[in-house]
Protein chains: 2
Amino acid sequence: MISKKTKYALKALIYLAREYDRGPILIADLAREERIPKKFLELILLALKNAGVLQSKKGKGGGYYLAQSPREISMGKVIRTLEGPLAPVPCVSETAYARCEECDDEWSCGIRLVMKEVRDAMAQILDNATLADVLERIEQEKQKKDGVLFYAI
Amino acid sequence: MISKKTKYALKALIYLAREYDRGPILIADLAREERIPKKFLELILLALKNAGVLQSKKGKGGGYYLAQSPREISMGKVIRTLEGPLAPVPCVSETAYARCEECDDEWSCGIRLVMKEVRDAMAQILDNATLADVLERIEQEKQKKDGVLFYAI
DNA sequence: CATTAAGACTACTAAATCGATAGGCTAAAA
DNA sequence: TTTTAGCCTATCGATTTAGTAGTCTTAATG
């Protein structure tokens, strides 16, 4: 299960993607709209900024905005920033490989073989799901729902 | 990342699968062979027993053994027992659905749509990877390695 | 240039989880 | 009835999670 922190981050980024190219958004507005504790959100946005996902402007008229277009920011990047590597075991991580302490023969570790498949499948999905994709899919779902509503009436 | 508990469980089960139909195995032997803290392993095996994965015999000549054949025990089952649902968010879990507290419109939640894909991909892999499969794959890898060694000499 | 708006940074805390240990209880053989 | 081996509960220290508080810094602007 992903943490609340990561969920908050994704919500905030989807919000910022929707408002893309409308200038900086205030933390306070984001917090209110998405119902995220403001001070907590501050820390999250800061982490995303340090990871190069967001940029910010201080002082009056300041706020946060995406560092790249919504097409270029993937859920994989966001989750890795806040949650750490996608891999279920460190020995199959592409971005943060580490040996599993007590595995004496990594190359014939059965757990590793299966977990490598899992990490590849996750990365495949999450690294290809950009904020723009997510926005699109939300719209599609809303239209589907309207369709159902149409028939229901 | 999966917990040590789950890794220990998988190691123990792979060991028991290899010794399948050779009668009960002592916790102490398992602990020594797989280098798992004995008392900790006790709790893990007990949990697996309560989940129906293992059976046990008390007293002299006792120990633990698989409740089903290695063909019928999947890594998905084991991970769900010790780690909880595979799903990254509760609202996409098939085995333990729960609403995400602060999601007002689940059906047009973008996070949910992507996470559903992730959970399905994970379940596909982990529910189809049985202990028997894992044993087979370990053997395959060992032979591959021997092949390389053959050419290297 | 003083004020004010807004993010940046550090520290702290309560509660939960993780990894592990301790010790007594119960069941089954011999 | 003694020994063997699993069953069960409690406890513990370290880490992580979710969140709060307060101060510092930077940038507009009147």
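A note on names: the letters A, B, ... follow the listed sequences, proteins ahead of strands, and every chain is numbered from 1.
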Any idea which of C/dA6, C/dC9, D/dT20 is nearest the A/Leu26 side chain? C/dA6
Counting only side-chain N and O atoms of A/Tyr8, is one of them less than 4.0 Å from OP1 or OP2 of D/dA18? no
A/Met1 CE - C/dA16 P separation (whole Å): 18 Å
Take the protein atom CD1 of A/Ile44 and the nucleotide atom C1' of D/dG19, then report the distance between them rounded to whole Å. 10 Å
Closest to side chain of A/Lys60, choosing from D/dC8, D/dA18, C/dA5: C/dA5
hydrophobic_cluster_shared for B/Leu26 and B/Leu30, side chain cutoff 4.5 Å: no
Measure from CG on A/Leu41 to C1' on D/dA18 and round the result to the nearest Å. 13 Å
Backbone N/O of B/Ser3 and side chain of B/Glu83: donor-acceptor pair under 3.5 Å: yes
Quick one: A/Gln55 CD to C/dA8 P, roughly how many Å, whole number? 11 Å
Would you say B/Lys5 reaches C/dA20's phosphate, i.e. side-chain N/O to OP1/OP2 under 4.0 Å? no
Compare all side-chain heavy atoms of B/Glu94 with those of B/Lys116 and state whether any distance is below 4.5 angstrom. yes
Quick one: which of C/dA8, D/dG6, D/dT20 gets closest to the side chain of B/Ser56? D/dG6
For B/Glu42 and for A/Ile25, locate the closest nucleotide of DNA chain C by heavy-atom distance; then report the residue assigned to the nucleotide nearer the 5' terminus. A/Ile25
Kindly point out which of C/dG7, C/dA20, C/dC9 is positioned nearest to the side chain of B/Pro37? C/dA20
Just to be sure I understand the rule, does A/Leu43 reach a base, reach only the sugar-phosphate, or reach nothing, if contact means heavy atoms closer than 4.0 Å? base
Using whole Å, what does the distance between atom P of nucleotide C/dA27 and atom CG of B/Leu46 come to? 14 Å
Per atom distances to the B/Lys39 side chain, the nearest of D/dC8, D/dT20, C/dG7 is D/dC8
Send over the distance from A/Lys38 NZ to C/dA8 C1', rounded to a whole Å. 13 Å
Does A/Lys49 have a side-chain nitrogen or oxygen under 4.0 Å from the phosphate oxygens OP1 or OP2 of C/dA8? yes
So B/Val114 and A/Ile125, do their side chains get closer than 4.5 Å, heavy atoms only? yes
Atom CD1 of A/Ile27 and atom C1' of C/dG7: how far apart are they, to the nearest Å? 6 Å
With respect to the phosphate group of C/dA27, does any side-chain polar atom (N or O) of B/Lys57 fall under 4.0 Å of OP1 or OP2? no
Heavy atoms from C-beta onward define the side chain here; which of C/dT21, D/dC8, D/dT20 lies closest to that of B/Phe40? C/dT21
How close or far is atom C1' of D/dT17 from atom CG of A/Leu82, stated in whole angstroms? 13 Å
Ion pair check, A/Glu101 and B/Lys4, cut-off under 4.0 Å: yes
